[in-house]
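A short worksheet on the structure shown next.
What you see below is based on every heavy atom in this structure, not just the backbone, and it leaves out hydrogens, waters and symmetry mates. Ligands are counted one by one from 1 in listed order, and the atoms in each one are counted from 1 as well.
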Amino acid sequence: MSFSFDLLGQDGAARAGMLHTAHGDVPTPTFMAVGTAGTVKAMTADAVRATGAKIVLGNTYHLMLRPGAERVARLGGLHKMMDWPGPILTDSGGFQVMSLAKLRKMDETGVTFRSHIDGSAHHLTPERSMEIQYLLDATITMVLDECTKFPATHEEAAKSMRLSTRWAKRSRDAFVARDGYGQFGIVQGNVYKDLREESAAALRELNFEGYAIGGLAVGEGQEMMYAMLDITAPLLPTGKPRYLMGVGTPDDLLGSVARGVDMFDCVMPTRAGRTARGFTSHGVFNLRNARFIDDGTPLDENCGCLCCTRHTRAYLHHLFRAQEILGPMLLTMHNLTYYQRLMQDGRVAILAGNYDEYCQATRAGWEEAKH
Ligand code: PRF
Ligand code: ZN
């Protein structure tokens with residue numbers, strides 16, 4: 001079973017495909033539930049499966065610090081450890097080091113930092129990141145990169161992108177190819193067209209199994225992000241999957257699929273679920289709001305998840321008010337189911353050639369929450 005991607009249909013720039021991996025197939029566009037520390041927060045693996053998720057994300061940074069990559073390997077790998085036999089993509093660590101670790105120092109060799117958990121010192125190189133992801137048994141390994149902040153000058157962005165390009169080459173050399181496993185390069189270049197072009201061209205030379213678009217959703221706003229996708233997506237091979245890292249809202253997903261993106265990950269549905277925010281076909285609701293105290297209707301009557309078929313808005317409101325752990329569990333379940341359905345229905349629309357209409361109808365539904 002080799003790692004491959006079939007492009008099955010296109011509607012404008014929007015794509016419907018099928019990703020084949022050693023751990024199963026993934027229909028695209030797809031949303032990857034975030035399982036940072038070897039768990040999708042508040043969810044059993046069975047509950048994650050029930051949302052329709054086909055692939056989950058894990059993090060090199062968190063797992064190398066706790067419980068440790070060698071330990072995960074001794075326990076049989078991340079799939080076995082978290083009871084998720086399906087595909088797992090792991091991020092490479094650099095991005096999380098920059099947002100979470102203390103006393104970070106970046107040089108040509110890699111990044112030195114102190115753990116946010118116990119202050120211990122670590123050095124993460126492209127080679128070590130590849131080794132860790134191998135030990136975790138990641139289906140999809142990400143290259144080590146540096147994500148520039150926004151705003152950044154052209155000079156800063158160029159210097160950083162070229163470092164990421166050299167690390168991508170080292171990551172490719174250190175990657176141990178296995179049947180059905182793949183490695184993705186990450187396009188950087190901030191908001192500069194010439195840098196995105198240089199980055200994409202260099203990464204294409206390395207012939208990755210897929211390509212991620214990094215360095216976006218870092219404060220540049222949706223319009224600028226879309227402009228960068230319009231520039232970057234056409235630079236990537238049509239026969240390989242494209243992954244937009246760390247994005248986004250349901251609206252971001254619709255607009256990014258329209259621009260040629262196949263894969264996403266974001267903490268939004270899980271984090272929002274733990275803080276009482278529910279994504280529905282009528283828009284976003286805060287379940288702590290007093291308007292739901294006597295609301296005996298389902299959270300979203302268009303949703304088949306356990307939360308929506310067995311419980312009411314009033315019950316969710318009560319659970320969050322009483323700080324009961326079932327509140328975050330039910331709402332995470334619902335939000336992930338909502339994101340999965342958004343992508344599944346989008347895929348059907350792309351294959352039917354009416355993706356624009358699908359987006360319009362979906363966005364019209366979200367307006368209802370505002371009234
Ligand atoms: N690089 C990596 N992980 C990421 C990003 C990136 O640029 C982003 C940017 N939105 C999220 N996660 N390796
Ligand atoms: Zn639901």
Side-chain angles (χ1 to χ4, degrees), residues 32 34 36 47 50-52 57-62 89-100 111 124 126 129-130 133 138 140-150 152 157 160-161 163-164 167-168 171 183-191 196 199 203 211-222 224-225 228-229 232 243-249 252 256 261 263-269 272-273 278-282 285 287 297-313 315-316 329-342:
M32 299 183 276
V34 174
T36 290
T51 68
L57 177 139
N59 277 115
T60 293
Y61 173 78
H62 296 80
L89 178 149
T90 49
D91 200 358
S92 50
F95 184 79
Q96 286 73 31
V97 167
M98 295 324 269
S99 55
L100 294 169
V111 53
L124 189 64
S129 176
M130 298 313 108
Q133 294 178 75
I140 301 176
T141 294
M142 300 304 298
V143 301
L144 188 66
D145 64 330
E146 188 194 18
C147 174
T148 46
K149 60 181 177 20
F150 179 85
S160 169
M161 179 274 288
L163 176 69
S164 288
W167 285 2
S171 296
Q183 184 187 37
F184 285 15
I186 307 175
V187 179
Q188 292 289 349
N190 207 272
V191 296
R196 291 272 167 193
S199 174
L203 294 175
Y211 293 84
I213 303 170
L216 294 178
V218 289
E220 76 281 8
Q222 194 189 60
M224 184 77 98
M225 179 175 85
M228 288 302 117
L229 291 180
T232 309
Y243 160 32
L244 178 56
M245 307 190 81
V247 172
T249 63
D252 290 336
S256 301
V261 175
M263 303 167 69
F264 300 90
D265 83 282
C266 191
V267 296
M268 190 158 293
F279 293 97
T280 78
S281 50
H282 307 295
F285 294 122
L287 273 303
T297 65
L299 173 57
D300 188 341
E301 78 282 6
N302 300 311
C303 182
C305 88
L306 182 141
C307 173
C308 294
T309 53
R310 306 274 284 275
H311 300 294
T312 63
R313 293 172 174 183
Y315 184 51
L316 288 167
M329 290 168 65
L330 288 175
L331 202 52
T332 300
M333 206 177 279
H334 166 76
N335 282 346
L336 283 177
T337 304
Y338 183 78
Y339 268 62
Q340 293 305 330
R341 199 169 54 253
L342 189 71

State whether the side chain of [X] and the backbone N or O of [Y] hold a donor-acceptor pair below 3.5 Å, judged by distance alone.
X	Y	result
Arg196	Asn190	yes
Ser129	Leu144	no
Asp300	Asn302	yes
Glu220	Val218	yes

Original post:
What protein N/O/S atoms are found closer than 2.8 Å to the Zn ion (ligand 2)?
Top reply: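 Per the 2.8 Å query on the Zn ion (ligand 2), atoms found are Cys303 SG, Cys305 SG, Cys308 SG, His334 ND1.
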
Per-atom contacts of ligand 1 with [X], taking only distances under 4.0 Å to non-hydrogen atoms:
X	answer
Ile186	13 (N)
Gly215	6 (C), 7 (O), 9 (C)
Gln188	1 (N), 6 (C), 7 (O)
Ser92	13 (N)

Original post:
Quick one: does Gly214 get an N or O within less than 3.5 Å of an N or O on ligand 1?
Top reply: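 It does not: no N or O of Gly214 is found under 3.5 Å from an N or O of ligand 1.
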
Subject >> Nitrogen or oxygen atoms of Cys147 and ligand 1 under 3.5 Å apart >> reply: no

Would you mind checking which non-hydrogen protein atom is closest to [atom], with the distance to 0.1 Å?
atom	result
atom 3 (N) of ligand 1	Asp91 OD2, 2.6 Å
atom 9 (C) of ligand 1	Leu216 O, 3.4 Å
atom 1 (N) of ligand 1	Asp145 OD2, 2.8 Å

**OP:** Check whether any side-chain heavy atom of Cys303 lies under 4.5 Å from a side-chain heavy atom of Thr280, and answer yes or no.
**Re:**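 Side-chain contact under 4.5 Å: no.
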
Original post:
Looking at Thr60 and Asp91, what are the two nearest heavy atoms and their distance?
Top reply: OG1-O, 2.6 Å

**OP:** Could I get the full list of salt bridge (charged side-chain N to carboxylate O under 4.0 Å, His left out) partners for Arg313, not counting sequence neighbours?
**Re:**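 For Arg313 the salt bridge (charged side-chain N to carboxylate O under 4.0 Å, His left out) partners, ignoring immediate neighbours, are Asp295.
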
**OP:** Please lay out, stage by stage, how Leu330 and Leu306 fare under the test side chain to side chain contact (heavy atoms under 4.5 Å, CB included).
**Re:** CA-CA 8 Å; Leu330 288 175; Leu306 182 141; 3.6 Å; yes

Original post:
Who's closest to atom 12 (N) of ligand 1 heavy-atom-wise, of Tyr61, Phe95, Phe150?
Top reply: Phe95

Original post:
Under the ring pair (Phe, Tyr, Trp, His ring centres under 6.0 Å) criterion, do Phe279 and Tyr339 qualify, and how do the steps go?
Top reply: CA-CA 8 Å; Phe279 293 97; Tyr339 268 62; 5.6 Å; yes

Subject >> Sequence-distant partners of His62, side chain to side chain donor-acceptor pair (under 3.5 Å), two or more places apart >> reply: none

Subject >> With Thr249 via side chain to side chain donor-acceptor pair (under 3.5 Å) - residues at least two apart >> reply: Asp252

